[in-house]
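The shown structure was predicted, so the numbers you read here are calculated from the model rather than taken from an experiment.
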Amino acid sequence: YSETRDEQIGSVAMLEDTDGDGRFDKRSVYVDKLFWPTAVMCYDGGVFVVSAPDVFYCRDTDGDGRADTREVVLTGFDMSNPNATPNSLRWGLDSRIHGMASTAGGSLRSLRWEKHSGEEMKPIQARGRDFSFDPRTGELRLESGGSQFGMTYDEWGRKFESSNSVPIEMVMY
């Protein structure tokens with residue numbers, strides 16, 4: 001956690017149990033030089049990483065344990081408050097990746113959708129809303145929600161969120 005954005009000190013590390021004893025004994029950096037990384041989601045041999053103002057898709061294509069590709073999938077999250085950055089990537093029952101835009105929101109664009117569809121996307125304001133995207137096409141949409149941090153689904157698909165003033169709330173659709 002750093003309030004000095006220019007430092008780019010964030011990273012995503014891979015932890016491994018190399019001797020099978022149930023304890024991690026090897027740590028290697030998979031992605032580094034990130035601003036405020038706040039969520040990671042594994043997908044198709046790589047990871048989505050939330051690092052405002054972007055969501056990246058990072059992948060190791062040469063097998064050395066470090067991501068050598070970094071694609072900006074979504075962009076435009078507000079960075080004015082390090083306590084209100086996007087977070088909590090989760091799979092939804094709709095096979096989309098859901099996340100929280102947090103209280104700061106932002107004017108979001110899906111660069112993956114633009115690449116996939118060949119159309120430029122008009123930015124959409126996400127303040128006070130959550131978001132979801134199709135990991136294959138990048139199709140972006142706003143969702144009900146809008147708390148600060150911490151989102152999950154229970155086994156019945158009900159969505160719960162939290163913030164520092166409201167420790168738990170259920171989001172109704």
Side-chain angles (χ1 to χ4, degrees), residues 10-15 30-31 34-60 67 69-79 81-173:
S11 64
V12 173
M14 223 174 7
L15 305 174
Y30 187 73
V31 182
L34 296 167
F35 300 117
W36 302 338
T38 53
V40 176
M41 166 69 69
C42 296
Y43 175 75
D44 195 27
V47 293
F48 286 103
V49 180
V50 176
S51 179
D54 303 313
V55 174
F56 297 100
Y57 180 67
C58 305
R59 190 171 187 175
D60 172 17
T69 64
R70 186 185 301 207
E71 172 195 0
V72 178
V73 177
L74 304 175
T75 192
F77 290 99
D78 188 276
M79 303 178 307
N81 181 353
N83 293 301
T85 55
N87 62 86
S88 299
L89 296 180
R90 301 285 183 267
W91 281 108
L93 294 174
D94 55 1
S95 297
R96 297 173 65 86
I97 296 175
H98 291 250
M100 296 178 71
S102 195
T103 52
S107 293
L108 308 184
R109 287 179 45 221
S110 174
L111 301 183
R112 184 171 271 193
W113 171 255
E114 290 178 4
K115 183 178 173 183
H116 180 78
S117 70
E119 300 174 22
E120 188 171 328
M121 181 182 169
K122 181 180 176 185
I124 54 176
Q125 181 51 247
R127 186 176 189 136
R129 303 288 299 276
D130 290 344
F131 66 94
S132 71
F133 66 96
D134 182 317
R136 296 169 300 273
T137 66
E139 178 196 18
L140 173 67
R141 65 180 184 218
L142 296 179
E143 303 286 347
S144 298
S147 291
Q148 188 176 9
F149 54 80
M151 183 261 291
T152 193
Y153 292 96
D154 70 9
E155 60 213 38
W156 295 283
R158 294 180 296 194
K159 184 177 179 179
F160 296 89
E161 297 185 347
S162 65
S163 63
N164 56 0
S165 58
V166 181
I168 188 166
E169 57 190 355
M170 186 171 139
V171 177
M172 302 298 290
Y173 294 94

Heavy-atom distance under 4.5 Å between the side chains of [X] and [Y], does that happen here?
{"X": "R158", "Y": "M172", "result": "no"}
{"X": "L34", "Y": "F56", "result": "yes"}
{"X": "S102", "Y": "T85", "result": "no"}
{"X": "V49", "Y": "V55", "result": "no"}

Can you tell me how far apart [atom1] ([X]) and [atom2] ([Y]) are? Round to the nearest 0.5 Å.
{"X": "Y57", "Y": "T69", "atom1": "OH", "atom2": "OG1", "result": "7.5 Å"}
{"X": "T152", "Y": "F160", "atom1": "OG1", "atom2": "CZ", "result": "9.0 Å"}
{"X": "S147", "Y": "D130", "atom1": "OG", "atom2": "CG", "result": "7.5 Å"}
{"X": "D134", "Y": "R112", "atom1": "CG", "atom2": "CZ", "result": "9.0 Å"}
{"X": "L108", "Y": "F77", "atom1": "CG", "atom2": "CZ", "result": "4.5 Å"}
{"X": "L142", "Y": "R129", "atom1": "CG", "atom2": "CZ", "result": "5.0 Å"}

Flag, side chain of [X] to backbone of [Y], donor-acceptor distance under 3.5 Å:
{"X": "S162", "Y": "F149", "result": "yes"}
{"X": "R109", "Y": "L74", "result": "no"}
{"X": "K159", "Y": "S144", "result": "yes"}
{"X": "E161", "Y": "G146", "result": "yes"}
{"X": "S110", "Y": "G138", "result": "yes"}
{"X": "N81", "Y": "M79", "result": "no"}
{"X": "T38", "Y": "P86", "result": "yes"}
{"X": "D78", "Y": "A104", "result": "no"}
{"X": "S51", "Y": "D54", "result": "no"}
{"X": "Y30", "Y": "D60", "result": "yes"}

message: In terms of relative ring orientation, are W91 and Y43 parallel, tilted or perpendicular, with 30° and 60° separating the classes?
response: tilted

Could you tell me which non-hydrogen atom of [X] sits nearest to which non-hydrogen atom of [Y], and how far apart they are?
{"X": "A67", "Y": "C58", "value": "CB-CB, 3.8 Å"}
{"X": "P135", "Y": "S95", "value": "CD-O, 4.0 Å"}
{"X": "A39", "Y": "S88", "value": "CB-N, 3.6 Å"}

field: Electrostatic pair D94:R141 at N-O distance under 4.0 angstrom
entry: yes

Ionic contact status for E71 with R59, cut-off 4.0 Å: no

message: Taking side-chain contact (heavy atoms from CB on, under 4.5 Å) as the definition, give me every residue that meets it alongside T103, ordered by chain and number, with sequence neighbours left out.
response: A84, Q148

task: With E139 as reference, evaluate R96, M121, H116 under the side-chain contact (heavy atoms from CB on, under 4.5 Å) test and give the passing residue.
output: R96

message: Please enumerate all residues that pass ring pair (Phe, Tyr, Trp, His ring centres under 6.0 Å) together with Y153, with sequence neighbours excluded.
response: H98

- prompt: Would L89 and F48 satisfy side-chain contact (heavy atoms from CB on, under 4.5 Å), going step by step from the backbone distance to the final call?
  reply: CA-CA 9 Å; L89 296 180; F48 286 103; 4.0 Å; yes

